[in-house]
Structure formats: C-alpha cells, structure tokens
Amino acid sequence: MNQLQFDEQCQLTSREFEVVSLIVFNGYTNKELADCLFISEKTVKNHVANIFKKMNITSVRKLMSICMSSMLAEGGYSSDSAELRRARLALALGRRMKHIS
C-alpha cells in the first residue's frame, strides 16, 4: 500500500501519518514532535486531536496499542527497515479505519 492509498482509506493527512509514525516508532512527546517537525506544540496538539477523532480513540496509549498489535498481527517489525515499518503501519491503520467506517 502506498502513501496515497493509505491517505484515502484512513483519511489521515500525510502530516498526521508522520506524527503517528513518530509517536509509535520513536515515542516522541509533543515537544519532541514539534522540534522534529519544525512546528509549534499547539500545532502538534491539533494534529494529535485530529488523529484521535479520525481513529475514534482518546489516548496515545490506545494509538500505540492499536498500531503495535496490528503490526504484530501483520508479521512483526523488529528487524524491518524503517520504510517497511511505516508501510506495515499504513496497512494496519488502513484496516483499522475500515472497521470504524
């Protein structure tokens, strides 16, 4: 699944997907996300709120749980390259969003 297909299925923007990836794979805080993405913490909070709304969740813990369990069900991630992990995440989130719709 490429980024365009993921965006269409999940209705997450590419920036929102980038935020999800950084949270899930790096465990970044809002401050760390803001520094990494060169945006304000307020903008990060807006992105996170939009992600939560679209995914029908209320916490980063739930976001990580959904992503990690979905990725493990897809065959793991520990030895995968960063690009492959992001692709697996996109696939896992795409399936999750189909169940919500």
Side-chain angles (χ1 to χ4, degrees):
M1 172 181 295
N2 65 34
Q3 186 67 38
L4 179 60
Q5 290 169 323
F6 172 79
D7 291 342
E8 290 172 359
Q9 286 183 357
C10 297
Q11 298 176 352
L12 293 181
T13 66
S14 58
R15 182 62 115 184
E16 289 167 348
F17 179 71
E18 187 175 14
V19 169
V20 170
S21 296
L22 290 169
I23 291 170
V24 172
F25 297 124
N26 297 35
Y28 281 4
T29 64
N30 287 350
K31 170 98 173 85
E32 291 168 325
L33 286 166
D35 291 344
C36 177
L37 299 172
F38 304 102
I39 57 178
S40 71
E41 281 188 72
K42 173 67 175 143
T43 302
V44 169
K45 290 177 184 179
N46 288 338
H47 286 313
V48 171
N50 289 337
I51 292 162
F52 285 3
K53 183 177 179 181
K54 290 175 181 181
M55 294 185 69
N56 195 29
I57 59 175
T58 58
S59 71
V60 170
R61 181 175 286 193
K62 185 64 175 177
L63 173 67
M64 293 184 75
S65 173
I66 289 167
C67 293
M68 298 309 287
S69 63
S70 296
M71 288 174 55
L72 288 172
E74 290 293 322
Y77 68 94
S78 60
S79 63
D80 294 343
S81 68
E83 184 176 327
L84 185 54
R85 287 192 309 239
R86 283 191 289 276
R88 286 185 190 277
L89 177 60
L91 181 62
L93 288 176
R95 289 195 177 139
R96 164 78 178 160
M97 296 308 289
K98 283 183 181 178
H99 293 292
I100 292 172
S101 302

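Hydrogens, waters and symmetry mates are skipped; everything else that's a heavy atom, side chains included, is used. Along the sequence shown, residues carry numbers from 1.
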Worked verdict on Lys54 versus Ile51 for side-chain contact (heavy atoms from CB on, under 4.5 Å): CA-CA 5 Å; Lys54 290 175 181 181; Ile51 292 162; 6.0 Å; no
Verify side-chain contact (heavy atoms from CB on, under 4.5 Å) between Val19 and Tyr28, making sure each step is shown before the conclusion. CA-CA 9 Å; Val19 169; Tyr28 281 4; over 6 Å; no
How far apart are the C-alpha atoms of Leu37 and Leu22, what are their side-chain angles, what is the distance that settles it, and do they pass the side-chain contact (heavy atoms from CB on, under 4.5 Å) test? CA-CA 10 Å; Leu37 299 172; Leu22 290 169; 3.8 Å; yes
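Asn50 and Glu16 make their closest contact through CB-OE2, 3.2 Å (heavy atoms, listed as atom of the first residue, atom of the second, distance). Taking all atoms of both residues into account, the shortest heavy-atom contact from Met64 to Val24 is CE-O, 3.8 Å.
Rounding to the nearest 0.5 Å places NE2 of His47 at 8.5 Å from CD of Glu18. Expressed to the nearest 0.5 Å, how far CG of Asn46 lies from CZ of Arg15 amounts to 12.5 Å. Annotation: the span from Met55 atom CE to Gln11 atom CD amounts to 12.5 Å, rounded to 0.5 Å. One distance of note links CG of Leu33 with OG of Ser40; it measures 11.5 Å at 0.5 Å rounding.
Contact check for Leu63 versus Cys67: side-chain heavy atoms found under the 4.5 Å cut-off. Put simply, the side chain of Ile23 does not reach to within 4.5 Å of the side chain of Val20, judged on heavy atoms.
Partners of Glu41 by salt bridge (charged side-chain N to carboxylate O under 4.0 Å, His left out), not counting sequence neighbours: none found. The side chain to side chain donor-acceptor pair (under 3.5 Å) check on Asp35 picks up Lys31, with sequence neighbours excluded.
Between the side chain of Ser21 and the main chain of Phe17, a donor-acceptor pair closer than 3.5 Å is present.
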